[in-house]
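Remarks on the structure that follows.
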Protein chains: 2
Amino acid sequence: MSPKLIDKTEKCNEIASAALYLFAKKGYAATSVGQIAEAAGIGKGTVYEYFPSKEDIFVHAINAWMMDLINRMVEKTRNIENPVDRLKAFIEMVKDVLNVEEPDPKKLFADIDQQTFMPGGAFYKRRHIIKDMRAAFCDLVVDILLDGVSKKVFKPEIARDVSKIAINLLAYLDGICMHYLIMEEYQEFEDQIDFYIRGFVDYITI
Amino acid sequence: MSPKLIDKTEKCNEIASAALYLFAKKGYAATSVGQIAEAAGIGKGTVYEYFPSKEDIFVHAINAWMMDLINRMVEKTRNIENPVDRLKAFIEMVKDVLNVEEPDPKKLFADIDQQTFMPGGAFYKRRHIIKDMRAAFCDLVVDILLDGVSKKVFKPEIARDVSKIAINLLAYLDGICMHYLIMEEYQEFEDQIDFYIRGFVDYITI
DNA sequence: AAGAACCGACTGATGGTTCGGAAGAATACG
DNA sequence: CGTATTCTTCCGAACCATCAGTCGGTTCTT
């Protein structure tokens with residue numbers, strides 16, 4: 001009637017986790033379902049007991065990865081009292097994400113864009129997932145900024161445009177990270193961010 | 001001895017141009033060599049008389065596209081006297097690029113990143129092409145800024161950090177364009193840029 | 001007639017998805 | 001207690017579709 005019961009959710013996570021590692025290592029297209037199965041220690045057919053398609057594995061894996069990322073960022077910056085330090089800690093985390101070697105995050109980013117923009121891509125009809133992720137990052141920055149305003153460290157007038165400012169800061173970080181990933185000069189990358197953030201902090205602090 | 005002579009270069013450009021249209025419409029992976037041949041009005045085998053591989057078609061097509069883009073930008077901004085207007089004209093062109101409908105540029109950008117970051121990608125071992133393109137854009141911005149300094153419209157002290165400033169501006173534009181492409185809200189996009197540029201111009205003008 | 005230009009059928013490899021059935025565990029029954 | 005039954009879980013061989021790239025031959029120009 002009801003033999004061997006398995007925690008489907010847990011197994012899904014295991015498969016997605018193994019898959020994420022491969023996606024980050026070789027890219028989505030170059031990773032076959034057979035390799036995912038092998039990495040997860042199961043048979044190819046079994047994968048399809050837990051996911052209807054390769055695309056769904058990607059969506060699940062990326063979703064978990066991004067959620068984890070944003071959670072860690074919120075956690076790490078939550079208890080920093082000084083708003084300027086908190087902002088800088090956030091930026092430091094953004095920089096750190098890029099320097100993970102083994103499962104290479106830049107491949108994940110490239111694949112996410114690909115799957116978001118191409119018709120038929122895994123995220124093409126689930127763009128809301130990507131949008132929600134961006135919104136979560138934006139919320140964190142807004143929170144840091146408003147915290148600074150309430151502590152009388154940042155100018156009160158930035159509260160009015162706080163979401164514009166947050167989006168612009170995130171856009172800059174996005175762009176400069178991309179610049180670094182292409183140009184591959186870490187020192188320049190750090191200098192650029194320092195230069196920018198100095199101006200930014202000057203602009204928002206009282 | 002020397003029969004039918006064809007302008008190889010010209011034919012290469014024709015094929016690449018037909019290919020670019022398809023790449024921008026359906027993406028690199030979803031475009032087959034057969035479709036490129038059909039679009040160019042030739043047979044599949046003929047394509048291989050002009051290009052050794054599909055990847056080379058992509059490199060050639062993207063190269064031509066980016067060159068044309070940068071040339072048009074230089075051309076359009078060359079004769080604007082007022083440095084602030086010139087800067088704004090440049091930004092206007094960047095915005096315009098995103099709004100080309102038919103051969104969708106965002107798919108090209110996604111494919112370029114893909115082919116640059118993935119081992120074995122068309123640009124993976126030719127990253128210098130992408131780097132050079134970015135450098136060309138940077139040069140244009142630097143030129144605009146220094147022109148403004150020499151015309152006593154922009155602060156003289158920005159000359160020292162002019163290349164840092166240019167890269168940061170381009171990074172911001174990159175990032176905010178990506179933001180727009182994902183979020184798909186044009187009004188917000190324009191407001192964000194306006195907001196940023198107002199601050200930027202304030203910061204650099206005397 | 002020589003060689004440049006062209007062509008599309010063919011090849012070979014790849015990889016997502018399906019499927020028929022094996023292995024195993026809980027229950028039902030004799 | 002042992003056997004049959006039933007349903008879950010697992011599996012990898014086989015199926016199928018898709019192309020990038022090749023090749024042998026045709027057409028065209030000089």
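We name chains A, B, ... by the order of the sequence lines, and we start the count at 1 in each one. Note that the structure is a prediction, hence the values are computed from the model and not measured.
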Q.
Given 3.5 Å as the limit, does a donor-acceptor pair link the side chain of T77(A) with the main chain of M73(A), or not?
A. yes
**Q.** Centroid separation F51(A) to H60(A) less than 6.0 Å
**A.** yes
Q | Phosphate-side-chain proximity, Y48(A) and dC19(C), N/O vs OP1/OP2 below 4.0 Å | A | no
Q.
Could you check whether any side-chain N or O of K76(A) sits under 3.5 Å from a backbone N or O of N71(A), counting only pairs where one atom can act as donor and the other as acceptor?
A. no
**Q.** M178(B) side, atom CE; F109(B) side, atom CZ - distance, nearest 0.5 Å
**A.** 9.0 Å
Please enumerate all protein N or O atoms sitting under 3.5 Å from an N or O of nucleotides 12-14 of chain D, with distances to 0.1 Å.
from: dG12(D); atom 1: N7; to: G45(A); atom 2: N; distance (Å): 3.1

Q) Nearest to the side chain of K54(A) - dC7(C), dG16(C), dC11(D)? A) dG16(C)
Q. Can a side chain N or O of K11(B) be found less than 4.0 Å away from OP1 or OP2 on dC6(C)?
A. yes
Q. Nearest-Å distance, CD (E10(A)) to P (dT9(D))?
A. 15 Å
Q. Which whole-number value in Å describes the distance from L22(B) CG to dC19(D) P?
A. 13 Å
Q.
Without decimals, in angstroms, what is the distance between Q35(B) CD and dT18(D) P?
A. 11 Å
Q.
Expressed as a whole number of angstroms, how long is the span from F51(B):CZ to dT22(D):P?
A. 16 Å
**Q.** Spacing of N168(B) atom CG and Y196(A) atom OH [to the nearest 0.5 Å]
**A.** 7.5 Å
Q: Using five base pairs at each end, measure the axis-to-axis angle across the helix from dA1(C)-dT30(D) to dG30(C)-dC1(D) and round it to 10 degrees.
A: 20°
Q) Going from CG on L20(B) to CD1 on I15(B), what distance comes out if it is rounded to the nearest 0.5 angstrom? A) 13.5 Å
Q: Quickly work out the I36(A) CD1 to dT17(C) P distance and round it to whole Å.
A: 10 Å
Q.
Tell me the interatomic distance from D56(B), atom CG, to dG21(D), atom C1', rounded to whole angstroms.
A. 13 Å
Q) Does a nitrogen or oxygen in the side chain of Y50(A) sit under 4.0 Å from OP1 or OP2 of dC10(D)? A) yes
Q) For the rings on Y124(B) and F117(B), is their centre-to-centre separation under 6.0 Å? A) no
Q: Take atom CD of E14(B) and atom P of dA5(C), then tell me their distance rounded to the nearest Å.
A: 14 Å
Q | Close side-chain approach of K88(B) and D194(B), heavy atoms under 4.5 Å | A | no
Q) If you find the nucleotide of DNA chain D closest to S53(B) and the one closest to E49(B), which residue's nucleotide is nearer the 5' end? A) S53(B)
Q | Y28(A) vs K107(A) side-chain heavy atoms within contact, under 4.5 Å | A | no
